[in-house]
Number of protein chains: 2
Amino acid sequence: MSDVTRWLDDDEQRTWRSFLVATQRVHEALDRQLQRDAGMPHAYYMILVALSEAPGRALRMSELAAKAQSSQSRLSHAVARLEERGWVRRDRCPEDRRGNVAVLTDAGFAALEEAAPGHVAEVRRVLFDVLTPQQVRDLHEICATVRDTLER
Amino acid sequence: MSDVTRWLDDDEQRTWRSFLVATQRVHEALDRQLQRDAGMPHAYYMILVALSEAPGRALRMSELAAKAQSSQSRLSHAVARLEERGWVRRDRCPEDRRGNVAVLTDAGFAALEEAAPGHVAEVRRVLFDVLTPQQVRDLHEICATVRDTLER
DNA sequence: ACAATTTACTTGAACTCTCATATACTTGGG
DNA sequence: CCCAAGTATATGAGAGTTCAAGTAAATTGT
């Protein structure tokens, strides 16, 4: 951080604030829809998705954390809850006995299948339906840049 | 929601996922920086900013909730915490005795002044520094559209 | 071979947020 | 004027997240 603060000019302020409002509302809408219709927060949904796409519907905890955009601690707590619901099982890892493998159960997969249509509809409602195809392309480019800059 | 689900095609998937990763990382970075350097979450920072910009540095709770993008309940809890720290004071509203007015104290204003430079630096680091001027304009347009669509 | 370090994951406490409910005041009919 | 309905905010319980610390196993250096 430099000695003199470079404050945001008016344009930057407006951009920043609209970014904050928009992104917050999108995440809020997603969370609310999933909580209401599927009884899970969006973070849990992302965990189920990541598992469902993995070979054998199973992943080491640390890989799962990376794919589901979660901290290890957060994941650990979340998987504990998902396990209570019978949606995920935890197996000890044979080749590295420190490790755990989270496995999506059939019940978990079913819960995901049931939640998915409503979720996708919400994603369309809050984002794709309101943007032009060009805006979608621009947004992709912008987000990819930000994503790649902010490695963990 | 229609009978048949319109799933996201590959492009939409990629866009959506980069959006999720990018926005989550931005919000995470903001929260972490403010928590580490100023001892407050971003939501509290937004409350202080909203108050600092209001005439007399004071706002009714419901107006404050709107300006700080907070639910009323969330704001109520947050202001209670900010009050404990001496950064905000709550006065009863004279013309409507149901109402409360949150007032930013001098200590609160000082805390905001101290937090602001680091926060702005972080905002630049995670967003403005990595985007071209054209991308910033595009992003503004996109976010304004989403914001205006998703009224509360 | 074994102590020191690192890695993988879990745990507990503190905190924030959400949702449902409660309280206090105001307003609008009859 | 009084009662019903609405509005402004607070509160409490429950749930998720973070941070710091803890456990256990693998790896590294000597």
message: If the condition is salt bridge (charged side-chain N to carboxylate O under 4.0 Å, His left out), which residues does A/R17 pass it with, not counting sequence neighbours?
response: B/E53
- prompt: Donor-acceptor pair under 3.5 Å: do we get one between B/H77's side chain and the base of D/dT9?
  reply: no
query: Who else is in the cluster with A/L75 when I, L, V, M, F, W and Y are joined by side-chain contacts under 4.5 Å?
result: A/L34, A/M40, A/Y44, A/Y45, A/I47, A/L48, A/V49, A/L51, A/L59, A/M61, A/L64, A/V79, A/L82, A/W87, A/V88, A/L104, A/F109, A/L112
field: Salt-bridge contact B/E83-B/R89 (side-chain N to carboxylate O under 4.0 Å)
entry: no
query: Taking the nucleotide of DNA chain D with the closest heavy atom to each, which residue, B/L75 or A/A78, is nearer the 5' end?
result: B/L75
query: First and last nucleotide of DNA chain C in contact with chain A, 5' to 3', at under 4.0 Å to a heavy atom: what are they?
result: C/dT7 to C/dC19
- prompt: Which part of the nucleic acid, if any, lies within contact of B/S62, taking any heavy atom under 4.0 Å across all strands shown: a base, the sugar-phosphate backbone alone, or nothing?
  reply: sugar-phosphate
- request: Can you sort out the partners of A/T145 under side-chain hydrogen bond (donor to acceptor under 3.5 Å, both in side chains), two or more places apart, ordered by chain and number?
  value: none
query: Can you list the steps and then say if B/D31 with B/Q35 is a side-chain hydrogen bond (donor to acceptor under 3.5 Å, both in side chains)?
result: CA-CA 6 Å; B/D31 242 332; B/Q35 193 67 58; over 6 Å; no
query: What's the CZ-P distance between A/R74 and D/dC19, to the nearest Å?
result: 11 Å
message: Please determine whether a side-chain nitrogen or oxygen atom of A/S73 lies at a distance below 4.0 Å from atom OP1 or OP2 of D/dT18.
response: no
field: Intra- and interstrand pairs of DNA chain D - dot-bracket, Watson-Crick/G-U under 3.5 Å, | marks other strand
entry: ||||||||||||||||||||||||||||||
message: Check this one for me: any side-chain N or O of B/R60 less than 4.0 Å away from OP1 or OP2 of D/dT9?
response: yes
field: Nearest-Å distance for atom pair CZ/C1', residues A/R32 and D/dG16
entry: 15 Å
- request: Please go through A/V103's hydrophobic cluster and name the other residues, only I, L, V, M, F, W, Y counting, with side-chain heavy atoms under 4.5 Å joining them.
  value: A/V101
message: Is it the case that the side chains of B/D9 and B/Q13 hold a donor-acceptor pair, with the cut-off being a distance below 3.5 Å and no angle test?
response: no
field: Under the salt bridge (charged side-chain N to carboxylate O under 4.0 Å, His left out) test, residues paired with B/R137 that sit two or more places apart
entry: none
- prompt: Between residues 83-105 of chain A and DNA chain D, which residues have a heavy-atom gap below 4.0 Å?
  reply: A/R85, A/D96, A/R97, A/R98
task: Output all residues satisfying salt bridge (charged side-chain N to carboxylate O under 4.0 Å, His left out) with A/E84, sequence neighbours left out; order by chain, then residue number.
output: A/R81
message: Please list all pairs meeting side-chain hydrogen bond (donor to acceptor under 3.5 Å, both in side chains) that have one or both residues in residues 92-106 of chain B, counting only residues at least two apart or in different chains.
response: B/R92-B/N100, B/D96-B/R98
message: Can you tell me how far apart CZ (A/R124) and CZ (A/F128) are? Round to the nearest 0.5 Å.
response: 7.0 Å
message: Go nucleotide by nucleotide along DNA chain D from the 5' end; which of B/Q35 and B/Q72 gets its closest nucleotide reached first?
response: B/Q72
query: Between B/E28 and B/R25, is there a salt bridge with N-O shorter than 4.0 Å?
result: no
field: Set of residues satisfying side-chain hydrogen bond (donor to acceptor under 3.5 Å, both in side chains) with respect to A/H77, sequence neighbours excluded
entry: none
task: Could you identify which residues of residues 39-48 of chain B place a heavy atom less than 4.0 Å from some atom of DNA chain C, listed by residue number, or say none?
output: B/A43, B/Y44
